[in-house]
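The residues of the chain are indexed from 1 along the displayed sequence.
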Amino acid sequence: MDKILEALVSSSHPLTVKRAIVKKVMEAAEKEVTEEQCQALYHLTTRLILLGEDAFQRQVGLQVQEAYARYHRDEFARFFSKEYVLGLLQQGYGSLDRRDPAILDFLHGSLRLLISCPAVLELAPLLQTEVLRIICERPEPATCAKLATILTDFPQCVPREKAGVLFCQQLVRTFAYFHCPATEERELREYVTQVTRVSVLLQGIWKAAPATLLPSLQEVFAIISSTDPSFEPSIALASLVQHIPLQMITVLIKSLTTDQNVKDASMTQALCRMIDWLSWPLANHVDTWVIALLKGLAAVQKFTILIDVTLLKIEQVFNRLWYPIVRQGALVVLSHMLLSFQHSPEAFHLVVPHIVPLIKSLKTDGLPTSKTFLLQFAELVHCMMYQYSGFPDLYDSILESIKELPKPNEEKIKFVLNQSAWTSQSNSFASGLLKITGKSETGKTGLVNLGNTCYMNSIIQILFMATELHEEEKTLLALQVTSPKPETPTTSAETLHNAVSQPVADTPPHPDPVAAKGDGRTLVERMFGGRLSTAIRCLQCHSLSEKEEPFTDLSLAFCPSMSKCHGPNEEHKSSSTVGPCQGAVNGGSESSEGSVKEGAGTRMERPVVEPTLSVPDLVDYFLAPEILENENCYFCERCASLQRAEKVMHVVTAPEYLILTLLRFSYDATCHVRRKILDNVGIPLHMSLPLRQHGISASLSSSTAATSSSSDSPESGENLAKKLKPSQKEDGMTENGTNSETNDSDLETLSVPYVLSSVVVHSGMSSESGHYYSYGRNVSSTDGYVASPCPKTQESSESSTASQEEMGCADQKSTDWFLFNDSRVTFTNFESLQNVTGRFPKDTAYVLIYRKQEVSGQPSNSGPVVNGSRLSGEPPLQKELMDAITKDNKLFLQEQELNARARALQATSASCSFRPNGSDDNEPPGSCGPSGGGGGGGFNTISRLVF
């Protein structure tokens, strides 16, 4: 029979004839057949199955072998003996290698023919040993998939006990080598199917033998935590995650994060590779395990690992959002990474450039799930922009792309932000490695935020842009201390303060024409100093008490009618202020503790309206007459009692640089909280300061100074606006109805023109925290002055009409504006500054610097002068100073290169230090602490700065 069959399949007869004869051979299996004939047929069919020249021969071999094995099973069992199986698995068959998947297919088919025979049990021990050997040889995915099919159908062939544990571990390690070089969809689908088949086998083994699960997971971690650069495990390991019981998460994560034998470098590598698993298309629960590990590391304060991994992988996770099959899990991980990374905007800013393209794609891809996903993604973006406010140049395009999508209210945003934060504001991060950044495209270099230094950085940056403090002559002068005290060493900050405050006339090596006149003014006084006259007239006896005092800035308060609605009872309805009982808000860098104490949050969906106030309005209010009455009555020395009085202030000497501070933080006595006034104040490019000067024969200030009840202190002129308390009666009128300013005939009023130089913006909802950034430009004493102001557009007091007329009418082609945000420096324009509060309600102007302008034909008698010429702009540094800076930078870089390897090792192993909870070392008011606030690099340190 075997000879006939062999000759038939190799003959040239028509296929129909061959099939008819094969059918006769299969029917003959039901008849009596000798042992020799059966064995001959089994050998022939095996050769046809494994070595058949075409599909017909292989099909004939399978059909005939199955027919004869069904009726002559004992003979087939003797044919398929241990020795025969061992030969196939160890030596192969003919030209087939022992690793060829066809041999496993033949083995699987033969076992199925013996499924109810005792012969299978006899083969089981042999197969248990052989499958372990095969797995240890790291076969290809196709071979593993064939083997998994055999073991799934014949679980008795799976290794047991210790061998079973070893088999699972080796199978897991084999997964790490399942790399797929295929690029076509069909091949990729086949690869994924093969991997899934093997993972299902492991799932079955773990269920049948739970003792094998933990060793298998330990092997998984050992693989993904390997720091061997020559070995990169396959992401096919992700297919195993879905088979791990979720109830084991807590125990396993705690065991991993508290194991002292696990180095930080290994944990970092493991976390990175788990995040890579998000790309595996069919894996479930990968996001759950990734987030569990992130939380576990945060619980044991492994913040160095979290920071490194977030910055390294955040863009990769974001890129997974483009693929619908893995999009949802990637969004969950991305949300947790961003919402927990609240000490710095660095992670969020890495993905900011990719947000708008993704939103546009989601709007147009037409997938039914994209709309829901877009809403979730937009909510996350709103939360991040709220947390890291203060970057209008980065966020404008994002706001435009999501303007039609629903915006979460502030209460929900704060709830989301408080859920995932690693730390609170009472904690501080350990020092990380300094990121050395060069000049931006603007040619300017920013200042690194060292933690709570955003306000200091902003002030330094606007002073650099607004004044001549950065001139080389002034810098060298300021850094020279002429009268050191050896017995009282001071810090560098104290040295700089003492040097700047030192009278310039006392510095012989640097003669100065202004100082030589004998006025004895310091550099700060000459640049920022002005004089303010305060007159108080008793409305009973009409006696006048007047004093003149210096000031370096004017603190401008908001009139109650400006910052509130119609009355005190409607305060909570104001669109310009925070709710009446609201405390610190977790925006900018507000701490989570502060947000817990607050009442109902104010919704941030404030309508964008044009500013109803302007800086000149606040100046007018500052200089407006005030009636002192009731509990604020004036003690008149002539009447020897408390009397109603009128208080009037005038600027008598205009500073070269006018610093205006907007008092945006007020105290709510009802709720005992400090609120921020969010009014959108118009900022004019040009404004005029009303100046009152005495006539030729007038010497009132010197004659009345002795009658003043206040001392002439430099500090006494600061924050005077805080003392203003307007009366409900008509201001400026006595009880007899006469005007109290009887000496106005002796005074002449001037309008001193100023041009805007710099603005510091506070981003946040509370005085206790927030973030600061600044706008600035270089101006000189003749820049931008408008000799003929534009026509009036609205009624205003005479003292500020010029500024109101010029606001928006002057030449605002400002191409020299810069936006300073700590280490980030970008180009911007005046329009962006004007619209920043309208676009970002939490971002409000806080400190403004105006520079005095020279009127055409009028000589200037103020301002820093060196060698008889006025300083302006940003002249180049002297060659000697530039060479010194270049040399210092070169030495600094050499130090960095020599220590780079040591620093890299320390960065991966150093643990972060934290102050204990309840520490009294609170963050400075209004600064951006480690718990949030923009500016970047809040945890970095720096050895020296060359600006």
Side-chain angles (χ1 to χ4, degrees), residues 525 528-539 542-557 559 615-628 634 645-661 663 687-727 730-734 738-754 796-804 850 852 855 861-862:
E525 290 171 344
F528 306 106
R531 297 193 69 81
L532 194 68
S533 173
T534 304
I536 301 179
R537 182 183 300 277
C538 176
L539 297 182
H542 302 290
S543 62
L544 179 67
S545 173
E546 185 173 4
K547 70 172 180 177
E548 188 175 304
E549 53 192 353
F551 72 89
T552 55
D553 73 295
L554 298 181
S555 299
L556 306 181
C559 177
V615 173
D617 292 334
L618 300 181
V619 173
D620 289 345
Y621 178 60
F622 177 83
L623 299 175
E626 174 190 4
I627 299 298
L628 307 179
Y634 168 69
E646 182 189 51
K647 177 180 178 181
V648 180
M649 290 189 294
H650 299 294
V651 177
V652 296
T653 301
E656 178 71 15
Y657 290 92
L658 177 62
I659 301 179
L660 303 176
T661 303
L663 302 179
M687 66 169 289
S688 295
L689 180 69
L691 183 70
R692 296 291 181 93
Q693 291 186 339
H694 293 291
I696 299 176
S697 61
S699 59
L700 185 60
S701 62
S702 60
S703 64
T704 59
T707 63
S708 176
S709 60
S710 301
S711 61
D712 190 2
S713 169
E715 290 80 8
S716 62
E718 299 179 0
N719 299 329
L720 292 173
K722 295 180 179 180
K723 304 175 184 178
L724 295 179
K725 187 175 182 181
S727 170
E730 294 182 2
D731 294 345
M733 302 300 293
T734 65
T738 60
N739 194 321
S740 62
E741 297 188 33
T742 59
N743 287 344
D744 282 356
S745 60
D746 297 333
L747 303 174
E748 55 179 286
T749 302
L750 299 177
S751 259
V752 181
Y754 282 88
S796 180
S797 62
E798 292 182 0
S799 62
S800 62
T801 51
S803 62
Q804 293 281 14
Y850 282 84
K852 186 163 65 175
V855 182
N861 57 0
S862 63

Trainee: Can you name the closest pair of heavy atoms from S545 and Y634 and give their distance?
Mentor: CB-OH, 3.5 Å

Trainee: Would you please classify the geometry between the Y850 ring and the Y754 ring as parallel, tilted or perpendicular, with 30° and 60° separating the classes?
Mentor: perpendicular

Trainee: Is any side-chain heavy atom of V619 less than 4.5 Å from a side-chain heavy atom of L556?
Mentor: yes

Trainee: Distance from T653 atom OG1 to L691 atom CG, nearest 0.5 Å?
Mentor: 7.0 Å

Trainee: Taking all atoms of both residues into account, what is the closest heavy-atom pair of S688 and P753, and its distance?
Mentor: OG-CA, 4.1 Å

Trainee: Looking at every heavy atom in both A645 and L539, which two are closest together, and how far apart are they?
Mentor: CA-CG, 3.8 Å

Trainee: Say you draw a straight line from OH of Y657 to NZ of K852; how long is it, rounded to the nearest 0.5 Å?
Mentor: 11.0 Å

Trainee: To the nearest 0.5 Å, tell me how far K647 NZ sits from I627 CD1.
Mentor: 12.0 Å

Trainee: Taking all heavy atoms of P655 and all of F528, pick out the closest pair and write down the distance.
Mentor: CB-O, 3.4 Å

Trainee: So, taking the atom named CZ in R531 and the one named CD in E525, what distance separates them when rounded to the nearest 0.5 Å?
Mentor: 9.5 Å

Trainee: Which atom pair, heavy atoms only, marks the closest approach of V652 to S533?
Mentor: CG1-CB, 3.6 Å

Trainee: Looking at R537 and L544, would you say the former's side chain and the latter's main chain have a donor-acceptor pair under 3.5 Å?
Mentor: no

Trainee: Going from CG on L660 to CE on M687, what distance comes out if it is rounded to the nearest 0.5 angstrom?
Mentor: 6.0 Å

Trainee: Quick one: pull up OG1 in T661 and CG in L618 and give me the separation to the nearest 0.5 Å.
Mentor: 11.5 Å

